[in-house]
Amino acid sequence: MPKILELEPHVADLIAAGEVVERPASVVKELVENAIDAGAGIVTIEINDGGMTFIRVTDNGCGIASADAKTAFKRHATSKIHCAEGLESIGTLGFRGEALAAIAAVSRIAMTTREAGANEGVLLSLEAGAVKDFAQAGCPEGTTIVVRDLFFNTPARLKFMKSNRAEGASVAATVLRCALSRPEVSVRFIKDGKSEFHTPGDSRIDSCIYSLFGREFSFGIVYAESSDESISVKGYVSKPEASRGNRSYQYFVVNGRPIQSKMLQAALEQAYVNLLPSGRFPSCVLHISTKLGDVDVNVHPAKTEVKFISDKQVFDVVNYAAIGALSVESTQGTTNGELDSDDSDAPAEPAFRGQLSGEAENRGYRSINDDEHRNSSSSVSGGVGAQSFAYNDQTPFRSLSPSAMAQSNADNHRFNSDFPISDHSAVHEGSSLYRPALVLEAKSSDSAFRVIGEALRTYIVVEHGNSLWLIDKHAAHERIHFNALKSDDYEPMSQALIVPAICRLGITNVSLILENTQLFDDLGFTIESFGDDSIAVRRIPSVIDIDDAEPVISQICEHLMHGVFVDSERLDSIFRTIACKSSIKAGKSSGIHELEALTERVMSGEITHCPHGRPVAYELTKTTLDREFKRG
Ligand code: ADP
Ligand code: MG
């Protein structure tokens, strides 16, 4: 048997680093958590190249004594717990004492830090875990950590990184979650030299939400709160009319820690059961506080999941908070809550803005003015259709709705050079939008069936042999598309959009999309990032309607949300989404050729059930009919 040896410490560190430091976003998460644990009121995060070459996190927290600086980088070195009992009531974000050691093991890291009240600070730098430099240094109180060249010494890990853009989007999503979880901390995020967002740090959840998501989102939410003897919840939930195509705007914070939880999602969504159609989801930012001993935060390496002593109790409190908020909303129809309790004279809506524009400037952070808002926030065009931005004239983006497209036709030639139009382009004589015809080819012309017609705009009525058949045209069409998407030789046909569709989907979705650009390409979408929370869609699969582009992308994100890998089951759900949206709808009448083509495919036995498992055809035999009519 080979000899058993203890691993060298730096090898052990590298192994441990793999767990804690997966990508730039995980580094940023750990550093921001350390800053918050240090009691910082202001935290600034800067990254370049998606965080791969440069990450800097600066805080004004308690700093580290020069005597402790090197210890902080040792594995299992922490100031946050001192004994096993400590694990039972963790009030800090960190406690494992491994983040700094893990990050240092796979990067070039430098820390300057000065303890509050100390005369001088210290500079410490390490490379691949080994100390390179250690010196006294003049620096402000607090701590700055710079991480360069992440994974420079672990090429295998480097290979797993996505594009800088995708990594940067993931960092942005992480910082946003941290910022939302701590409204008392002013968080500023700078990406490639550009300030992306900045929260005021005034302890108000509403102003934090406003600074991150903007005015439109803020007007779509209502204050929610509820508590029992040991748990309290407060925050905001969306009004039913402000629902979204997926769950990416559901944010839960437990004792100041952003977490993911199916149970909490269910508690929220149950409040909307009779208010939202299926496929629409509420948004929320809910802060849940419990006694520290009532949750176990030590169940997940990245600490993004927690275990409650009583799921049922937490479920109920969250559920009541949402139900209560919605019932207040339906009787008053206005934003309520925190604002009123702080300043009873302030009318709810303007307070959102007044609060920000007044206080904001004083605190040295800037809120957007009306003009900027007009230029950067979205307005919904045509109900569930893609959202469109009202950009200024220099920006070659235009509204997406067909009517707006018609109006902007005159401008189109101007954009053509920027956005070349391909063979299956979106231009069509007489109309600004080309809606691809449903191409369904009947397999043979001498069919043994006779299409009698269409009933109830839903069913095709067919005579075939000794039977009468009813075919659900939507279900049949959906299955045909689903099979086509699944087939190995599927070649996505896409249509170029004259004017890219700008969809404001939120930072989390944008990050998911950028991580999965190949998948979207394979499906026939061409998508580029457009600011942190939006995407520009340049091509869409020919089979879907332009108005369905945003809901389809949003639903795909929902399928991608849980887990890293796109497995075959998840791919099937994505195909189902596209197939459903691309199929002729029940309730719309179809031409005879379409009906015949569909019937041919069903009668040939090729398809029997829709992708969701519903049957596509129903047979009424002559025998059954004769029996019903007492013919013999
Ligand atoms: P943990 O956060 O789990 O304790 P880390 O490796 O992240 O472990 O940090 C080790 C220690 O370094 C912390 O316990 C803390 O004492 C100190 N530390 C790290 N970052 C900061 C910071 N930004 N400000 C003050 N102290 C810090
Ligand atoms: Mg830590």
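In listed order, ligands and their atoms are each counted from 1. For the numbers below, each heavy atom of this structure counts, side chains included, while hydrogens, waters and symmetry mates do not. Note that the structure is predicted; figures quoted are calculated from it, not measured.
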Query raised in the report: If hydrogens are left out, which of Ala102, Ala65, Ala104, Ala72 has an atom nearest to atom 12 (O) of ligand 1, that is, the closest non-hydrogen atom?
Result: Ala72
Requested in this report: Indicate yes or no: at least one non-hydrogen side-chain atom of Lys29 is less than 4.5 angstrom from one of Glu22.
Outcome: no
Requested in this report: Answer yes or no for Gly61: is there a heavy-atom contact with ligand 1 below 4.0 Å?
Outcome: no
Query - Residue part near ligand 1, for Ala38, under 4.0 Å between non-hydrogen atoms - result: side chain
Requested in this report: From atom 4 (O) of ligand 1, work out which of Val43, Thr78, Thr58, Thr144 has a heavy atom at the shortest distance.
Outcome: Thr78
Requested in this report: Examine distances only and state if a side-chain atom of Asp202 and a backbone atom of Arg204 form a donor-acceptor pair shorter than 3.5 Å.
Outcome: yes
Query - Cationic N near anionic O, under 4.0 Å, Glu167 to Lys162 - result: no
Query raised in the report: Under 3.5 Å between some N or O of ligand 1 and some N or O of Gly97?
Result: yes
**Report entry** Heavy-atom nearest neighbour in the protein, as seen from atom 10 (C) of ligand 1, with distance rounded to 0.1 Å
**Finding:** Ala77 O, 3.4 Å
Report task. Identify, for atom 6 (O) of ligand 1, the protein heavy atom at the shortest distance, and state residue, atom and that distance. Result -> Leu100 N, 2.9 Å
Requested in this report: Before accepting this row, confirm whether a basic side-chain N of the pair Arg23/Glu515 lies closer than 4.0 Å to the acidic partner's carboxylate O.
Outcome: yes
Query raised in the report: Can you find an N or O of Ala101 that's nearer than 3.5 Å to an N or O of ligand 1?
Result: no
Query raised in the report: Which of these, Asp59, Asp68, Leu31, Asp37, has its nearest heavy atom closest to atom 23 (N) of ligand 1?
Result: Asp59
Query - the Mg ion (ligand 2) to nearest N/O/S of Thr78 below 2.8 Å - result: no
Query - Distance from atom 2 (O) of ligand 1 to nearest protein heavy atom, with residue and atom - result: Lys80 NZ, 2.6 Å
Report task. Out of Thr92, Ile64, Val32, indicate the one that has the non-hydrogen atom closest to atom 18 (N) of ligand 1. Result -> Ile64
Report task. Could you tell me whether Glu269 and Arg247 have a side-chain N and a carboxylate O separated by less than 4.0 Å? Result -> yes
Query raised in the report: Can you list the atoms of ligand 1 that are under 4.0 Å from a heavy atom of Glu98?
Result: 6 (O), 8 (O)
Requested in this report: Check Leu512 against Asn516 and note the closest heavy-atom contact, atom names and distance.
Outcome: O-ND2, 2.8 Å
Query raised in the report: Does Tyr223 have Lys234 sitting over its ring (NZ/CZ under 6.0 Å from centre, angle to axis within 45°)?
Result: no
Query raised in the report: Is the shortest N/O to N/O distance between Asn34 and ligand 1 below 3.5 Å?
Result: yes
**Report entry** Closest approach of any protein heavy atom to atom 16 (O) of ligand 1, naming residue and atom
**Finding:** Ser79 OG, 2.5 Å
Query raised in the report: What is the minimum heavy-atom distance between Ser238 and Ala242, and which atoms define it?
Result: CB-O, 4.1 Å
Query raised in the report: Do you know which of Val171, Val106, Ile103, Ile145 makes side-chain contact (heavy atoms from CB on, under 4.5 Å) with Val27?
Result: Ile103
Query raised in the report: Does NZ or CZ of Arg157 lie under 6.0 Å from the centre of the six-membered ring of Phe151, at an angle within 45° of the ring axis?
Result: yes
Query raised in the report: Where's the contact between Thr143 and ligand 1, heavy-atom distance under 4.0 Å: side chain, backbone, both or neither?
Result: side chain
Requested in this report: Under 4.0 Å, heavy atoms only, figure out whether ligand 1 is touched by the backbone of Glu30, its side chain, both or neither.
Outcome: neither
